[in-house]
Visitor: 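First the structure, which I've put down as structure tokens, then a few questions once you've had a look.
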Protein chains: 2
Amino acid sequence: MTTIYDIAKKANVSPMTVSRVINNKGNISEKTREKVEAVIKELNYIPNSAAQSLNLKKTKLLSLIITDITNPFFTKVARGAADKANQMGYQLILCNTDEDYEKESDYINALISKRVDGVIIAPTGDPSIKNLKKLIKNRIPFTLIDREIEEISCDRVLGDNYEGTKLLLQHLIDYGHKRIAMVHGPLTVSTSKERYQAYIETLKINDLNMDASFLVETHYKQEKQWNGIDHLVTLPLADRPTAIFAANNFIAIKIIKSLREKKIKVPEEIAVVCFDDLELFSDFDPFLTVSSQPAYDFGYTGTQLVIERVEEVGPADYRTINLKPELVVRKSSGTPIN
Amino acid sequence: MTTIYDIAKKANVSPMTVSRVINNKGNISEKTREKVEAVIKELNYIPNSAAQSLNLKKTKLLSLIITDITNPFFTKVARGAADKANQMGYQLILCNTDEDYEKESDYINALISKRVDGVIIAPTGDPSIKNLKKLIKNRIPFTLIDREIEEISCDRVLGDNYEGTKLLLQHLIDYGHKRIAMVHGPLTVSTSKERYQAYIETLKINDLNMDASFLVETHYKQEKQWNGIDHLVTLPLADRPTAIFAANNFIAIKIIKSLREKKIKVPEEIAVVCFDDLELFSDFDPFLTVSSQPAYDFGYTGTQLVIERVEEVGPADYRTINLKPELVVRKSSGTPIN
DNA sequence: CTGTTAGCGCATTCAC
DNA sequence: GTGAATGCGCTAACAG
């Protein structure tokens, strides 16, 4: 491996001068700069960033921690984060936690050891607060994206789960639905909890009955899901929900598949709506009615905010960016009933 | 930041002893080991891997370079790579090249600077050979996945594009199709080239006419695509293709959308088949007939192979793993005609 | 404008 | 079984 010394020797200058040329620091005569640059090219020299990191205490490494790269929502988040990181000269370490707190903890330790400059994280759930505190203790700035963890000092890029839920439910209610079930994820995840609470609230505001059996808990990730709605569809028609609100896109897919297996037509017999789009699919066949969130921006803006912290530009106060959801009405919510 | 020296001082031992405890090397009495470990826990010490990298010349960093994280095929590749890397104690730097050779080159330089231990790469195309040679020059092992670059010494995990294409075309031909068009990607990409050649070969074997206008070039990535099939669908019915073979999933989506806009029914009027599945979508609505590839394995096995090189276990000879495609017949290829 | 000294945090080599 | 010296490749602080 060629080092700064090899360059220095061959260019008849001191290693320091080479360092200066590489980093464009201090004043250097045109002559020596050219001479050094020539040698650098000749020897294909590329600085060793481990050495740089060691005394600069900067690694130019960022990490994106997400719970399911397989979900198109997070895929777009990753895309946004990668774009911004790249654009600013950082490399991005991808951590996929599979909604698993233990994996998240392992990653956090590894990242601290790697001395990443910053972290963009969608935590696995409320217990993640321990991991975040660990980051704080190690002075690694982070921004929380998509999922809220309360009472933590950091930047945030969050969606509006209340708004998104209300948009979806109001749409169903406007269409005449009175019996709306919800299938949500674990309530230890803020997005799940907020959508859940917004569901209850919206029903109340609209004077609709709340039936405990209409609330079903499952998981966000496909591998962990169960459909959980068998008891609903075996109900007599008059008691059966006429619409189902799925807390995320994967849950919606699972539900629609189950309904189809049971020969129940969507949306004719039961309407289905959900949070987060499946653009790839919707593009192809506009079917799912969704509250669409600007996934790319979660990643892009989240990364921008950490970088501002890392580079110590930007305001002293922590910021919370709210990204608005958008109601996209398609076939799965059917047409007005009665 | 707490260092090995802080631990040493507090535990009344030398830094060296602490290092030994951390790395489980050499003989250490149970007493001192326990004492040191206690202090390590107390001070929440985590080794600085920049320092470790600097004298071990190992970073425990791997990189996955793919062309489009947005494509579910690569999403699954990423998942596989991340899983294996994680499992083996490596961190994964994600590089998204957007099918852009310049971006790829920039990434390669950054990765060399970071002294990553190994790279798993789906190159942007034939010119990537320069980047691969750069890796070789810097003694960074890599495995080529999905896309072939010839005359390079390295491990490979490749699909069988000939087989996959033949499966798809033979299926169409068996159904009675005689005028089959192909929309492919840039011929500088091996998968595109091989599918293109297999198309020509298969038509020949089946004594079918080759019409130059039936071969259309576009891009693999959605942002760069144009449908390119306008001239085909304005043809008189008797000359129009009855089926279209799309070289990848995104191309198929684009084509089907175009056809629908023109009120041409798929598969009734024109059948469409393609390479690579869109499981998320197919799961939901089994529509596209595809040659499905084990995307996860490309990432997983690719990563396994580099790690074996990095750790210098495994055979001296470079290996090429061939992953077989599987024909999945669904609606878009219609039913036997005539 | 350029060079020297020192040290980032750790592990290897050699002593003891 | 443990410690001291040394160097990995680079840059900050100082000197000239």
Side-chain angles (χ1 to χ4, degrees), chain A residues 1-37 39-40 43-61 109-117 138-140, chain B residues 1-37 39-40 43-61 109-117 138-140:
Chain A
M1 205 73 293
T2 113
T3 77
I4 217 176
Y5 288 92
D6 302 324
I7 309 295
K9 197 176 294 176
K10 196 149 192 169
N12 277 317
V13 295
S14 77
M16 200 53 237
T17 304
V18 179
S19 175
R20 289 195 180 98
V21 170
I22 293 166
N23 300 299
N24 260 314
K25 276 191 177 175
N27 294 330
I28 295 177
S29 74
E30 259 317 297
K31 270 187 201 168
T32 53
R33 145 163 279 114
E34 277 166 18
K35 191 171 50 177
V36 170
E37 278 173 348
V39 179
I40 286 178
L43 267 52
N44 280 304
Y45 169 74
I46 299 184
N48 179 331
S49 64
Q52 292 180 141
S53 302
L54 195 55
N55 48 32
L56 295 186
K57 282 138 182 26
K58 291 281 167 208
T59 55
K60 286 285 178 178
L61 236 32
N109 284 336
L111 296 175
I112 293 173
S113 177
K114 279 271 166 302
R115 301 295 195 267
V116 295
D117 289 343
N138 284 275
R139 300 225 178 76
I140 299 180
Chain B
M1 204 71 295
T2 112
T3 76
I4 216 175
Y5 288 93
D6 304 324
I7 308 294
K9 197 176 294 175
K10 195 149 194 170
N12 278 316
V13 295
S14 77
M16 201 50 243
T17 304
V18 179
S19 174
R20 287 194 181 101
V21 170
I22 293 165
N23 300 297
N24 260 312
K25 276 190 177 178
N27 295 330
I28 296 177
S29 73
E30 260 317 297
K31 271 186 201 169
T32 52
R33 144 162 281 113
E34 278 165 18
K35 191 171 52 178
V36 170
E37 277 173 348
V39 179
I40 287 178
L43 268 53
N44 280 305
Y45 169 74
I46 299 184
N48 179 329
S49 64
Q52 292 181 145
S53 301
L54 195 54
N55 49 29
L56 294 186
K57 281 138 182 30
K58 291 282 167 207
T59 55
K60 287 281 176 182
L61 235 33
N109 284 336
L111 296 175
I112 292 173
S113 177
K114 279 273 167 299
R115 301 295 194 266
V116 295
D117 288 343
N138 284 276
R139 299 224 179 77
I140 299 179

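The basis for the numbers below is simple: all heavy atoms, side chains too, and nothing from hydrogens, waters or symmetry mates. In the text below, chain A, chain B and the rest are named by the order of the sequence lines, each starting its count at 1.
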Visitor: Under 3.5 Å, is there an N or O donor on one side and an acceptor on the other linking the side chain of A:Y5 and the base of D:dC8?
Guide: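 Answer is no: no donor-acceptor pair is held.
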
Visitor: Rounded to whole angstrom units, what separation is found between the CG atom of B:N55 and the P atom of D:dA5?
Guide: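 Value for this atom pair: 18 Å.
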
Visitor: Base, sugar-phosphate, or nothing: which does A:S49 touch, judged by heavy atoms less than 4.0 Å apart?
Guide: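 Counting heavy atoms under 4.0 Å across all strands, no contact is made by A:S49.
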
Visitor: C:dC1 P sits how many Å from A:K35 NZ, rounded?
Guide: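 These atoms are roughly 14 Å apart.
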
Visitor: Within this structure, what is the CZ-to-P distance between A:R115 and C:dG9, rounded to whole angstrom?
Guide: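 It is 8 Å, rounded to the nearest whole Å.
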
Visitor: For A:I46 and D:dG9, give me the distance from atom CD1 to atom P, rounded to whole Å.
Guide: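 Distance check: A:I46 CD1 to D:dG9 P gives 15 Å.
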
Visitor: Would you kindly give the CD1-to-P distance between B:I4 and C:dG7, to the nearest whole Å?
Guide: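 In whole Å, C:dG7 P lies 18 Å from B:I4 CD1.
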
Visitor: Which nucleotide in the list D:dC8, C:dC10, D:dT11 gets nearest to the side chain of B:N48?
Guide: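 Taking heavy atoms from C-beta onward, the closest nucleotide is C:dC10.
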
Visitor: Look at B:Y45 and C:dC10 and indicate whether a side-chain polar atom (N or O) is within less than 4.0 Å of OP1 or OP2.
Guide: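 B:Y45 to C:dC10 OP1/OP2: side-chain N or O found under 4.0 Å.
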
Visitor: Within less than 4.0 Å of OP1 or OP2 of D:dG1, is there a side-chain N or O belonging to B:T32?
Guide: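 No, no such contact exists.
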
Visitor: Specify the closest pair of heavy atoms between A:K114 and A:T59, including all atoms of both residues, with the distance to one decimal.
Guide: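 That would be O-CG2, 3.6 Å.
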
Visitor: Just the rounded figure in Å: distance from P of C:dG3 to CG of A:N12.
Guide: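 Between P of C:dG3 and CG of A:N12: 9 Å.
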
Visitor: State the CG-CG distance between A:L111 and A:N109, to the nearest 0.5 angstrom.
Guide: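 The CG atom of A:N109 is 9.0 Å from CG of A:L111, to the nearest 0.5 Å.
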
Visitor: Distance check needed: C:dC10 P versus A:K114 NZ, whole Å only.
Guide: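 Answer to the nearest Å: 13 Å.
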
Visitor: Verify the neighbour count for atom NZ of A:K35: are there more than 12 heavy atoms of other residues, nucleotides or ligands below 6.0 Å?
Guide: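 Yes - once you tally the heavy atoms of other residues, nucleotides and ligands closer than 6.0 Å, there are more than 12.
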
Visitor: Using the side-chain contact (heavy atoms from CB on, under 4.5 Å) rule, pick out the option among A:D6, A:V13, A:V39 that qualifies with A:V18.
Guide: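 Going through the options one by one, the only one that passes is A:V13.
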
Visitor: For a quick test of reading the model: is some side-chain N or O of B:Q52 closer than 4.0 Å to OP1 or OP2 of C:dG9?
Guide: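 Answer no for this pair, as no side-chain N or O of B:Q52 is under 4.0 Å from OP1 or OP2.
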
Visitor: With rounding to the nearest 0.5 Å, note down the distance linking CD in B:Q52 to CG in B:N23.
Guide: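 Here the rounded value is 6.5 Å.
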
Visitor: Expected output is a numbered-order residue list: members of residues 14-31 of chain A with a heavy atom under 4.0 Å from any atom of DNA chain D. What is it?
Guide: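 A:M16, A:S19, A:R20, A:N23, A:K25 - these, ordered by number, are the residues of the stretch whose heavy atoms sit under 4.0 Å from the strand.
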
Visitor: Looking only at heavy atoms, which two atoms of A:Y45 and A:I4 are closest? And how far apart?
Guide: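 Nearest pair, atom of A:Y45 first, then A:I4: CE1-N, 3.9 Å.
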
Visitor: What is the distance, rounded to the nearest whole Å, between atom CD of B:E34 and atom P of D:dG1?
Guide: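 In whole Å, D:dG1 P lies 15 Å from B:E34 CD.
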
Visitor: Is there side-chain contact between B:L61 and B:D117, with at least one heavy-atom pair below 4.5 Å?
Guide: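 No, too far: nothing below the 4.5 Å cut-off.
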
